[in-house]
Trainee: 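Dropping the structure in here first, questions after.
Read the numbers this way: they start at 1 and go in the same order the structure lists the ligands and their atoms. Any value given below was found using the heavy atoms of this structure, including those in side chains, with hydrogens, waters and symmetry copies removed.
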Amino acid sequence: MDRIRIRGGRQLKGSIPISGSKNASLPLMVTALLTDRKLTLHNVPRLADITTMIQLLQQHGVEIDAAPGENGHSRGTTLTLKAGKIASTTAPYDIVRKMRASVLVLGPLLAREREARVSLPGGCAIGARPVDLHVAGLKALGAEIDIDGGYLVAKAPKGLKGGRYTFPKVSVGATENLMMAAALAKGTTVLANAAREPEITDLAHCLQAMGVSIEGVGTETLTIEGVETLKEATHAVIPDRIEIGTYAMAVAMTAGDVELVGGRLDLLEAAVQTLRSAGVALEPTEKGFRVHRTNGALQGVDVMTEPYPGFPTDLQAQMMALMTRAEGASMITETIFESRFMHVPELARMGANVTIHHESALVRGVPKLRGAEVMATDLRASVSLAIAGLAAEGETTLHRVYHLDRGYERLEEKLAACGAEIERLKG
Ligand SMILES: CC(=O)N[C@H]1[C@@H](OP(=O)(O)OP(=O)(O)OC[C@H]2O[C@@H](n3ccc(=O)[nH]c3=O)[C@H](O)[C@@H]2O)O[C@H](CO)[C@@H](O)[C@@H]1O
Ligand SMILES: C=C(OP(=O)(O)O)C(=O)O
């Protein structure tokens, strides 16, 4: 298994290109299941999760070509996807267990083929993560769904019908599943208390380009008019707001000065506000924005994760790493996932002072961190340890890098280009 070794203490200086969004790309790729027409996606990042989604879609019968990005999308990949025929309506355990977003095929398969068998994803390090809202929403569109042998077995013998569904809790994945299903359902679907994340808006824009009428994009009520067939379309994936926030925090951690090229402040306003209160300057430039410290030390700030437009849970671990070196204390409250503090004991191994009380962690800034051997438990936990390693005295070795490879494209390369001493140890 690969490891990453970091020698801390270098200030990051230069520029970092921002990749396309992982969490936008995954549902966008799944929309290809809705139609036999070609879908072209620009700016798709090269990541393990994208490879897993390609494997899943290929076994459903989607033909996929990947090519280096064209002008304006020079770093990412351009994917063309065409689902002439659906070869299988089963999403097998072996693929779903690798990536929970696999469950997004449930709605589209059901809408197009009137049946689907999708492995239940099970829990993961950050929480139990049930899929009850995906199921309840699809039932509201007329699906019959049972659980058999660890699989969701879904049928809609007469096809899905538009309906109204109010999410009892905001769910990104369930909103995406329902939006895609509603695109081919007969009549109008109203989704209330829907998620408003930029990835949802990106999915809505792509579905609109495919000929689906969607009202209320960017709000908590989406009204979707189902169509019989979708059109060929081309769509460019939005920049990855979590990658943007992660690098902004890494730069702040090292008191560096970096331009995030392709970075968009409007995608993460809550995190931008929090960083500014902590003493980090984020200034728009022609190509993105510049990050540096306003003057001197970081200040402790309180953070609570919330659905968009609140502070994203996917930046909580990175923000905690940053706060370990701030002056004063910071209270970090995680409201989305019940066990997303797995990075705390690892940060403590590097000298961080963090105490957990139920869903909150009290971080008291320390004058220095020391490098250590640390273990990644999930994607964002792993990058938080890398951020801590960049500012720690001595050497940090990060184990279980496969978590990091799910969501960060060329991380070592991007950081090394800004002066970090970082290398991947193979095998
Ligand atoms: C691939 C992808 O885009 N992943 C993101 C997506 O995950 P994902 O779509 O899985 O997250 P959700 O928004 O669905 O989850 C939010 C909360 O709702 C709960 N829940 C969800 C569905 C359900 O049927 N029942 C239920 O109880 C979850 O356990 C969690 O506590 O949004 C999360 C919240 O912003 C992010 O952290 C993930 O990075
Ligand atoms: C939690 C994440 O991804 P997933 O939902 O695929 O586990 C993430 O991107 O931080």
Side-chain angles (χ1 to χ4, degrees), residues 19-30 45 47-50 52-53 56 95-107 118 120-140 145 147 152 165 167-180 193-203 220 237-238 240-246 267-268 270-271 305-319 334-340 342-343 359 376-384 402-409:
S19 299
S21 161
K22 164 179 89 80
N23 287 347
S25 296
L26 295 170
L28 288 168
M29 291 167 71
V30 174
L47 296 170
D49 271 15
I50 300 295
T52 305
M53 183 56 87
L56 177 65
I95 300 183
V96 179
R97 76 185 163 84
K98 281 201 238 167
M99 187 184 64
R100 301 182 47 85
S102 307
V103 80
L104 293 175
V105 302
L106 180 64
V118 176
L120 275 162
C124 74
I126 63 176
R129 306 184 74 178
V131 290
D132 55 319
L133 306 179
H134 300 240
V135 169
L138 289 168
K139 283 185 175 170
I145 306 182
I147 295 171
L152 292 164
Y165 184 67
F167 293 94
K169 176 178 191 174
V170 177
S171 163
V172 174
T175 302
E176 292 165 346
N177 226 333
L178 269 283
M179 285 166 75
M180 291 188 280
N193 198 27
R196 287 181 283 163
E197 269 66 4
E199 294 77 22
I200 301 280
T201 299
D202 208 32
L203 175 62
E220 58 188 37
V237 178
I238 52 168
D240 195 312
R241 68 192 165 101
I242 306 303
E243 193 196 27
I244 296 171
T246 300
L267 294 176
L268 65 166
T305 64
E306 282 170 318
Y308 193 83
F311 189 97
T313 172
D314 291 352
L315 284 175
Q316 178 259 110
Q318 301 89 313
M319 191 66 200
E334 171 60 53
T335 72
I336 309 289
F337 292 110
E338 64 272 21
S339 57
R340 209 171 198 183
M342 304 291 277
H343 40 285
E359 56 181 19
T377 47
D378 65 80
L379 168 56
R380 309 304 169 184
S382 61
V383 86
S384 77
Y402 59 86
H403 288 296
L404 199 133
D405 292 336
R406 285 190 45 217
Y408 289 93
E409 186 178 51

Trainee: Got a second to check how far Arg129's CZ is from Ser171's OG, nearest 0.5 Å?
Mentor: 9.5 Å
Trainee: Step by step, would you call His343 with Gln316 a side-chain contact (heavy atoms from CB on, under 4.5 Å)?
Mentor: CA-CA 10 Å; His343 40 285; Gln316 178 259 110; 3.0 Å; yes
Trainee: Of the side chain and backbone of Arg340, name the one, both, or neither that has a heavy atom under 4.0 Å from an atom of ligand 1.
Mentor: side chain
Trainee: Under 3.5 Å, side chain of Asp202 to main-chain N/O of Ala24, donor-acceptor pair present?
Mentor: no
Trainee: What part of Glu199, side chain from CB on, backbone N/CA/C/O, both or neither, has a heavy atom under 4.0 Å from ligand 1?
Mentor: neither
Trainee: For the 3.5 Å polar cut-off, considering only N or O atoms, please tell me whether Leu133 and ligand 1 meet it.
Mentor: yes
Trainee: List ligand 1 atoms under 4.0 Å from His134, heavy atoms only on the residue side.
Mentor: 24 (O)
Trainee: For atom 11 (O) of ligand 1, which protein heavy atom lies nearest, and how many Å away is it?
Mentor: Phe337 CZ, 4.0 Å
Trainee: Using side-chain contact (heavy atoms from CB on, under 4.5 Å), reason through Ile50 and Ser25 one step at a time and then give a plain yes or no.
Mentor: CA-CA 8 Å; Ile50 300 295; Ser25 296; 3.7 Å; yes
Trainee: When you measure from atom 13 (O) of ligand 1 to each heavy atom in Val103, Val172, Val170, Thr305, which option holds the nearest one?
Mentor: Val172
Trainee: State the atoms of ligand 1, each with its element, that fall below the 4.0 Å cut-off from a heavy-atom position in Gly173.
Mentor: 9 (O), 14 (O)
Trainee: For Ile126 and Met342: C-alpha separation, side-chain torsions, deciding distance, then whether side-chain contact (heavy atoms from CB on, under 4.5 Å) applies.
Mentor: CA-CA 8 Å; Ile126 63 176; Met342 304 291 277; 5.7 Å; no
Trainee: At the 4.0 Å heavy-atom cut-off, does Pro130 count as touching ligand 1?
Mentor: yes
Trainee: Hey, does Glu306 sit under 4.0 Å from ligand 1 if you only count heavy atoms?
Mentor: no
Trainee: Starting from atom 7 (O) of ligand 1, locate the nearest protein heavy atom and write down its residue, its atom name and how far away it is, to 0.1 Å.
Mentor: Arg129 NH2, 3.3 Å
Trainee: So, for Thr377 and Ala381, which heavy atoms are closest and what is the spacing to 0.1 Å?
Mentor: OG1-CB, 3.5 Å
Trainee: Examine ligand 1 and decide if any of its atoms is less than 4.0 Å from a heavy atom belonging to Lys169.
Mentor: yes
Trainee: Heavy-atom contacts with ligand 2 below 4.0 Å: which residues, ordered by chain and residue number?
Mentor: Lys22, Asn23, Ile126, Arg129, Asp314, Arg340, Leu379, Arg380, Arg406
Trainee: How many angstroms lie between NE2 in His134 and CG in Leu104, if you round to the nearest 0.5 Å?
Mentor: 7.0 Å
Trainee: Do any N/O atoms on Asp132 end up under 3.5 angstrom from N/O atoms on ligand 1?
Mentor: yes
Trainee: Is it true that a side-chain atom of Asn177 and a backbone atom of Val103 form a donor plus acceptor pair closer than 3.5 Å?
Mentor: yes
Trainee: Please determine if Ser171 has a nitrogen or oxygen closer than 3.5 Å to a nitrogen or oxygen of ligand 1.
Mentor: yes
Trainee: Within the structure, does Asn23 bring an N/O atom to less than 3.5 angstrom of an N/O atom in ligand 1?
Mentor: yes
Trainee: Closer than 3.5 angstrom, by distance alone: can the side chain of Glu197 be matched with the main-chain N or O of Tyr308 as a donor-acceptor pair?
Mentor: yes
Trainee: Side chain, backbone, both or neither: which applies to Ile336 and ligand 1 if a contact is any heavy-atom pair less than 4.0 Å apart?
Mentor: both
Trainee: With distance as the sole test, does Thr175 use its side chain to make a donor-acceptor pair with the main-chain N or O of Ala195 at under 3.5 Å?
Mentor: yes
Trainee: Show your reasoning for whether salt bridge (charged side-chain N to carboxylate O under 4.0 Å, His left out) applies to Glu199 and Arg241.
Mentor: CA-CA 9 Å; Glu199 294 77 22; Arg241 68 192 165 101; 2.8 Å; yes
Trainee: Looking at residues at least two apart in the chain, or sitting in another chain, which of them share a side chain to side chain contact (heavy atoms under 4.5 Å, CB included) with Ile242?
Mentor: Asp240, Thr246, Pro312, Asp314, Leu315, Gln318, Arg380, Tyr408
Trainee: What distance separates Arg340 CZ from Thr335 OG1, expressed to the nearest 0.5 Å?
Mentor: 11.5 Å
Trainee: Taking non-hydrogen atoms only, is Asp314 closer than 4.0 angstrom to ligand 1 via side chain, backbone, both or neither?
Mentor: side chain
Trainee: Could you please spell out the steps behind the side-chain contact (heavy atoms from CB on, under 4.5 Å) verdict for Lys139 and Tyr165?
Mentor: CA-CA 9 Å; Lys139 283 185 175 170; Tyr165 184 67; over 6 Å; no
Trainee: Starting from atom 34 (C) of ligand 1, what is the nearest protein heavy atom, named by residue and atom, and what distance separates them?
Mentor: Thr313 CG2, 3.9 Å
Trainee: May I ask you to check whether Glu334 and Thr313 show a side-chain donor-acceptor distance below 3.5 Å?
Mentor: yes
Trainee: Looking at Val131, which atoms of ligand 1 are within less than 4.0 Å of one of its heavy atoms?
Mentor: 23 (C), 24 (O)
